[in-house]
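Values reported hereafter were calculated over all heavy atoms of this structure, with side chains retained and with hydrogens, waters and symmetry mates removed.
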Amino acid sequence: MSAETPVRRNRTARELADRLGISPRTVRKIMAEPRGEYEARAAERRQQAVELRAQGLKYREIAEEMGIQIGAVGKLLHDARKAEAAQPAS
C-alpha cells in the first residue's frame, strides 16, 4: 500500500505515530512513497550532483546549490560512479 498523494513529510513516523496513537510501522505503510518514484527522484539528485561536479564545482558548492550536507554530495557522487561501473560496456 502506498500514499495516494505522496508528499515529502516534515515529521518522522515516530512523531506521527505518537500523535495519532498508532504504530510507526503503520504510519510508514500508509505514507510510503512508491518505489519507482523514489528511485526516479534519487536518480535525478545523483545526476544533478554529477552535472554540477562536471561544471567544476567543489563538494561544498554543490551542497549549497542542492541544499544538502557535504557528506551527502560525496554519497551521491559515489553512488553515481558505482551505478556507472555496474552498467555493461557497449
Leu16 side chain reached by Met31 side chain, heavy atoms, under 4.5 Å: yes
Leu76 and Ile68, any side-chain heavy atoms less than 4.5 Å apart: yes
Shortest non-hydrogen contact between Pro24 and Ala17, atoms and distance: N-CB, 3.5 Å
Roughly how far, to the nearest 0.5 Å, is the [atom2] atom of [Y] from the [atom1] atom of [X]?
{"X": "Arg60", "Y": "Glu65", "atom1": "CZ", "atom2": "CD", "result": "15.5 Å"}
{"X": "Leu57", "Y": "Glu64", "atom1": "CG", "atom2": "CD", "result": "9.5 Å"}
{"X": "Arg53", "Y": "Glu61", "atom1": "CZ", "atom2": "CD", "result": "9.5 Å"}
{"X": "Met66", "Y": "Gln48", "atom1": "CE", "atom2": "CD", "result": "4.0 Å"}
{"X": "Ile70", "Y": "Ile62", "atom1": "CD1", "atom2": "CD1", "result": "10.5 Å"}
{"X": "Thr12", "Y": "Arg28", "atom1": "OG1", "atom2": "CZ", "result": "9.0 Å"}

Enclosure of Glu15 CD (heavy-atom neighbours >12, cutoff 6.0 Å): yes
Any residue meeting salt bridge (Lys or Arg N to Asp or Glu O under 4.0 Å) with Lys75, in chain and number order, not counting sequence neighbours: Asp79
Test salt bridge (Lys or Arg N to Asp or Glu O under 4.0 Å) applied to Arg35 - qualifying residues, sequence neighbours left out: Glu39
Arg14 side chain to Asp18 backbone, donor-acceptor under 3.5 Å: no
Polar side chain donor-acceptor pair, Glu51 to Gln47, under 3.5 angstrom: yes
